[in-house]
Each structure stands twice: as C-alpha cells, then as structure tokens.
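Notes follow the structure.
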Amino acid sequence: MSEAFHHLARPIQKWIRRKGWDELRPVQVRTILTVIETEADIIVSATTAGGKTEAAFLPLLSDVIDKPSDLGGFDLLYIGPLKALITDQAQRLESICNEADLAVTPWHGDVPASVKARGIENPSGVLLITPESLEALFVRRGTEISRLFAATRAVVLDELHTMLDSERGVHIRSLLTRLELARRNRLRRVGLSATLGEPRLACPFLCGDDPGSVVVIEADDERAELKVQLKAYESGKNDRVPVQAAVAGELFLRLRGDDNLVFAGARKSVETYADRLRRISEEQDVPLEFFPHHASLSREHRDFVEQRLKGEGLPTTAVCTSTLELGIDIGDIVCVAQIGAPFTVSSLRQRIGRSGRRRGKSAILRQYIVEQKRENDAAFADRLRLGLVRSIAMIELMLERWCEPPRSIALHLSTLTHQILSIIAERGGASAANLYSVLCSQGPFRNVDPQLFAEVLRALGEPGTDLIEQATDGILLLGSVGESLVEHYSFYAVFQTSEEYQIVSGGRSLGTMPIENIVAPGMLLIFSGQRWKIVEVDDRDRVVSVKSATGGMPPMFGGEPGDIHDKVVSRMFQILEGEETPAYLDEYAVQLLNQGRRSYAMLGFNDGPLVARGDNSWIVATRVGTTTTTTLSLAMRAKNFEVQTHDGFLEITGGEESLLRALRSIRDGAQNFAVPNDANLAFEKFHSYLTRSLLLKDALSCRLEPLELPSLCQRLLGSDETMAMPE
DNA sequence: GACCTGCTGCGGTTTG
C-alpha cells in the first residue's frame with residue numbers, strides 16, 4: 001500500500017483492507033495527500049466509476065476520526081443535485097462510517113421526518129442534502145444553522161459541473177456564503193465531477209475569492225476506444241410509412257439482446273419510439289426489452305427501468321431523455337444511440353461515457369439523423385442539411401476532446417430575488433446594506449452593483465408587487481405576497497416548473513403532462529410506452545383518468561430550443577465549405593452531406609454572407625452561435641423585419657428599409673440596442689416580479705450579446721459594403 | 001427545435 005494509505009485513520013484503513021483493495025487508485029492517492037497536507041479547495045475530475053467519492057471522503061473522514069471537534073454539529077456536509085444520488089452515496093458512506101461509529105444522515109424530500117428529527121437533535125457525522133432542503137433549513141430553522149454546522153470542516157459538492165453558472169449553482173454558492181457567515185468560519189470546498197471539459201475553468205465557481213489557489217486533480221483514465229456510426233434517413237410529406245418506423249426497425253435489429261441507451265431528444269419522441277419498438281416486439285412475438293424513461297413518467301416506472309438496466313439477466317434498452325445522462329450508476333451499457341443532433345458537445349460526451357465502461361470493451365455511438373426530403377418548396381435549412389452537418393460538427397469536436405466551457409457569470413436577478421426573500425425570512429428582517437453585503441459583496445452576485453441592487457429592492461417593494469416592505473426603522477420585512485410565497489414549500493427551488501395533469505389508470509399514477517395539452521374523454525394517448533383512451537378529466541384536481549386502448553398520439557411536453565455554441569456553428573461552416581467525408585458516415589449520409597455542400601455553394605455563400613432571394617427576402621450567414629444570432633434577429637425585428645433563426649443563419653423578410661441600411665444602422669448604433677416590445681424576457685421563477693428594465697439587464701448579462709453586433713454587422717457588410725443584390 | 005433538477009409542518013388517527 002502507498003504512503004497515502006498510512007496517512008488514513010485506523011478504522012478507514014481497516015475498511016479498505018476489508019474491501020480487499022490491494023492498492024489505491026492514483027487519483028485517490030493524490031486527493032488523500034492534498035486533503036491531509038494542505039488546506040486548499042480541491043476539484044477532483046474522474047469518470048463516474050473512478051472512485052471520486054472515496055478519494056474525497058477517506059481523508060476527510062480520517063481527519064474527523066483523528067481530530068474530533070468539540071464544537072458540535074455535522075462534521076462534513078455533502079451537497080448533491082439528485083435525490084437518488086444522495087440515497088446511493090449515503091449507502092456507500094454508511095459502510096465506511098460504520099467502521100468508525102460515525103453517523104450518516106441523508107436529507108431530501110423523500111427522507112422520513114424521523115431521520116431528519118434525529119439529525120436536528122443530535123447533529124454529527126456526514127449530512128448529505130439537496131440545495132433545496134438546505135434552503136428549507138435556512139427558511140424554517142434559521143436560528144439553528146450555526147449550531148448544526150459549527151463543527152463542519154468541509155463541504156463536498158458532487159456533480160460540480162451542474163453547479164457552475166446555472167440558477168442552481170448560484171443558489172448553492174449563496175447558501176454556502178450564508179452558512180460561512182452564520183458559523184463565522186470558512187468551509188473547505190471539494191468539488192467532484194466526471195465532465196468538466198477544462199477543470200480549471202470551474203475554479204472561480206468553487207472559490208470566487210482566489211480561484212488560483214484551487215488544486216485540480218485529474219485522473220488520467222485509460223480511455224476506451226470509441227466506435228461511431230452515423231446513419232441518415234429522409235422523411236417526406238407523402239411517405240406511406242413514417243421514417244420513425246425505419247429508425248425503430250434499425251434500433252430493434254441492432255440493440256435487442258443487450259443493455260443500451262437510446263437518447264431520443266424529446267419526451268414526445270421517446271414515447272413515439274418506445275411505442276414503435278413495443279409494436280415490433282409484439283409483431284415478432286418476442287419479449288419486450290425496450291422501455292421509455294423521462295422525467296414525466298412515474299417514479300415507479302422509472303425505478304423499474306433503472307433496476308432492469310442495473311440487474312443481470314434481462315437485456316434492457318431504455319429510450320430516454322437526459323434523465324439517464326448523469327447521476328446513478330446503471331451498469332454496463334453496450335451501445336449509446338442518439339436520434340437527432342444533440343444541443344451540446346458536453347452532453348454528447350457525457351452520454352457516450354455511459355457505454356464501454358467494462359475493461360477492454362469499446363464505447364459505441366450509433367447516431368441517427370432524419371432529414372426532410374427535398375421537395376420543390378424545400379426550405380433552405382433543409383437543403384443545407386443543417387441537422388446532419390451539426391451532428392458531424394458535434395462528433396468531430398467531441399473526438400478532439402473539446403466541450404463547451406462554463407458560461408460567464410450572469411446577473412441572476414431571479415435567484416437574487418429568491419435569496420433576498422430567504423434571508424429576510426431566515427432573520428425575520430434585514431437592512432438593505434446587510435443584504436447587499438451578504439449577497440453581492442461576499443456572496444455570488446458580484447456583478448450586481450449597489451445601484452442595481454436598489455433598483456431590484458424598489459421593484460420588489462412596489463405596491464401591487466408586495467414581496468417586501470420597509471418598517472419605519474428602515475428594516476426590510478416580507479410583504480403580504482412575499483410572506484405567502486416563502487410559507488409555501490414550492491419556494492425552496494430556484495428554478496421554474498409548469499403546471500401539469502396527473503395521468504391515472506386504475507388508481508395508479510402513470511406520470512404527468514403539461515396542462516397546455518387539450519384533453520377530453522374519448523381522446524387517445526400514447527404514454528409510458530403504452531396506448532390509452534381518456535375516460536375522465538378532473539380539471540379542478542388536474543387528473544386525467546385513462547384505460548387501455550389501441551391508438552393514439554403522445555402528448556406535447558413543451559420546451560425551448562437549446563443554445564448552440566459559437567465553436568459548433570463555426571465548425572458547421574468548415575464542414576459545409578470543406579471536402580472531407582468522415583469515415584463513420586453511411587452511404588446515405590455521404591449523399592446528403594454532398595447535397596448540403598452543393599446547395600451551400602449554389603446559394604452563393606462561398607462568395608459572401610448575404611444572399612438575396614428576391615421580394616425583400618434574404619438569407620444571412622452569421623457564422624456564430626445562438627446567442628449572437630438571436631441578438632441580431634431581435635435587432636432586426638425591432639426594425640420591423642420578419643426573421644427566422646437557424647444555426648448560424650437568419651432568414652429575413654420585409655422591413656421598411658433595405659437590409660444593408662438596417663445592418664449599417666445596427667453597426668453604428670449598438671449603444672441604442674432595443675428589443676421588440678413583444679419579445680418575452682421573463683424566463684425564470686421570480687422574473688414576473690421585476691420591471692422590464694431589470695429583465696432586459698438580466699437578459700443582456702447572459703442571453704443577448706449586443707456588443708458583438710458592430711463587428712458582426714461589419715463582417716456581414718464586408719469592407720466594400722457591396723453585394724450582388726439591389727438595395 | 002430541449003432536457004433536467006426540488007419541496008415543510010402540522011393535524012388527525014391508531015397503537016402500545
């Protein structure tokens with residue numbers, strides 16, 4: 001055993017021996033030495049089964065055992081983004097902690113109140129909690145926080161990549177600042193992740209005050225060989241057999257008999273393919289091995305699918321959304337299929353990481369792309385085969401080991417509003433200066449200056465908004481609306497969720513669907529991989545009762561398209577302008593790629609970025625990702641053009657002035673950037689309580705890039721500002 | 001043309 005082993009506490013050494021480990025992994029050795037010999041914050045980056053949890057906890061627990069604290073409270077804090085993950089990790093830690101008689105307390109919405117009561121009464125050992133449950137502790141037990149966490153010496157943040165510049169990431173950082181202020185002592189932070197493209201870029205999110213001091217420990221995993229195949233299909237308006245049938249047939253042929261994951265892109269598409277695969281299995285009279293898995297299905301059904309994947313024996317393919325992209329260990333997956341191009345390279349990479357985990361086996365990606373048949377009225381985006389091209393760009397970038405860096409730090413005014421309410425609730429009142437100090441000077445909202453903070457407070461205190469009010473001594477209190485928000489348990493999460501119907505069959509819940517779906521008795525439904533007829537709709541309690549049937553359509557689940565990164569779009573143009581043919585394309589995909597390249601040249605994009613299509617109609621090749629392309633499209637819409645956005649392209653029609661004049665005026669007047677009055681700017685949970693001026697500032701901090709417009713317009717106009725079209 | 005995540009306290013009843 002290595003030197004690191006001898007640094008560990010006796011009970012921990014005993015546990016390692018009992019496990020039969022003959023050596024610690026390199027990433028564990030390095031983490032153990034760093035934890036024991038330094039006081040630095042640490043990021044551990046290793047694959048899902050790479051032993052990260054043990055790497056962090058073996059030395060942290062050793063420290064607790066060898067140097068017990070007399071302060072009282074939990075010794076270690078673990079924050080995880082999923083309930084299932086906390087349950088899993090608590091079980092793993094229990095086996096270690098038993099050896100040393102340390103308590104392990106899992107804490108989330110499904111943990112019995114008795115376990116929580118025991119934790120509050122006698123806090124010690126390891127607490128594993130979700131951000132939302134920690135939030136609830138602040139709101140409901142604000143006065144006890146300092147007692148519960150007095151002895152805590154470190155916090156472990158699992159799946160760190162989900163906690164970067166997201167609403168939930170900012171939420172956690174705010175809670176950690178508040179925790180440190182309550183106990184008057186900093187907490188050492190240890191972040192764990194399997195999918196940080198460049199782990200150093202995550203350091204500012206772990207330690208905002210001194211990112212350079214964070215120690216990054218990366219496992220040099222032996223990477224499994226990756227086999228990739230891309231198969232293309234075409235679908236047309238007059239197809240007798242829908243193209244999904246062909247894709248499902250191929251999936252059935254290739255995947256039956258093993259454990260696989262099929263990422264179908266959207267819940268509706270998951271239901272469509274699961275239904276087709278079930279029908280094929282029935283026609284061929286073979287046992288069903290294909291099951292849908294997404295967030296709107298009942299916990300019961302999802303558990304069933306996960307258990308089948310984990311278990312030996314019954315081959316199982318889950319047709320899924322990103323529910324199975326991260327988190328719990330689902331065992332050996334032979335093949336990952338992806339239907340349609342994904343939105344990010346990092347998610348593609350994470351998905352592929354699910355297969356080929358067994359030593360000596362390759363990871364396998366089967367990518368399926370459906371393009372529209374070219375008919376006379378084919379849209380230009382279909383003629384360019386943009387879906388296929390994006391998919392190739394994603395695969396190429398993934399093979400080059402690139403993935404999207406974390407986003408830059410936004411204002412997060414919705415989450416700021418949440419934390420203002422939470423601190424006032426925690427303390428029964430707070431001064432504006434104190435709130436600013438905790439949240440903005442010391443906490444994560446560092447881009448919010450005092451003036452902007454005052455503007456937010458004024459919006460929350462507006463009569464009619466009533467989230468907060470000011471007492472005569474200047475102290476801010478919750479207003480009537482603020483009070484009712486904070487009192488309800490739905491307050492604890494910072495992210496938005498929509499209203500839904502429960503779908504019930506014979507008293508058993510099958511799952512949920514958004515209330516935007518039109519429902520009436522007699523209608524047919526595909527859901528949870530089966531076919532149903534609606535027998536009753538209870539609009540008051542939002543319950544739809546169904547019974548077995550034989551036809552139907554899956555419901556709509558809504559959602560907005562994802563952001564494509566500049567680098568992906570830039571690679572798409574390289575592919576459209578290039579000549580190489582990737583070896584993993586099937587024959588049909590090669591044909592479609594060549595068609596896309598020919599169309600690109602024929603439309604004239606090789607000569608310049610602006611293509612006139614007659615009748616006040618143009619196509620503009622922006623060559624940049626969603627954020628900047630959308631910003632230009634809003635600027636054009638504000639000038640009364642009609643605009644459709646695509647990856648790296650805009651289709652523009654109408655307008656009161658010529659395209660060239662409009663681009664020039666946007667280039668020269670970027671400081672007057674305006675969005676159309678009808679553009680929706682409310683995306684997050686507490687946005688509806690803020691003014692339009694604040695929403696615009698929030699959007700400008702992360703969703704829009706007006707500062708990019710002058711150079712983009714200049715590039716589009718070209719140096720001589722001429723193009724082959726009439727002004 | 002998208003996906004995912006989360007949730008307390010209390011009152012009533014039953015049981016030993």
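In this text, all values refer to a predicted model and were calculated from it rather than measured experimentally. What's counted below: heavy atoms across the whole structure, side chains too, no hydrogens, waters or symmetry copies.
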Q | Side-chain ion pair, A:Lys52 and A:Glu159, N-O less than 4.0 Å | A | no

(Q) Can you build the contact string for nucleotides 3-16 of chain B? Use B for base contact, S for sugar-phosphate-only contact, and - for no protein heavy atom under 4.0 Å. (A) BSBBBBS-------

Q) Taking the six-membered ring of A:Phe495, is NZ or CZ of A:Arg168 closer than 6.0 Å to its centre and within 45° of its axis? A) no

Q: Verify the ring-centre separation between A:His646 and A:Phe380: is it less than 6.0 angstrom?
A: yes

Q) Contact class for A:Arg390 vs. all strands (heavy atom < 4.0 Å): base, sugar-phosphate, or nothing? A) base

Q) Please, which pairs that meet side chain to side chain donor-acceptor pair (under 3.5 Å) have at least one residue in residues 408-417 of chain A, sequence neighbours excluded? A) A:Asp165-A:His412

(Q) According to ring pair (Phe, Tyr, Trp, His ring centres under 6.0 Å), who are the partners of A:His108, at least two apart in sequence or on a separate chain? (A) none

Q | Nucleotide B:dA2, atom C1' - distance to NE2 of A:His565 in whole Å | A | 18 Å

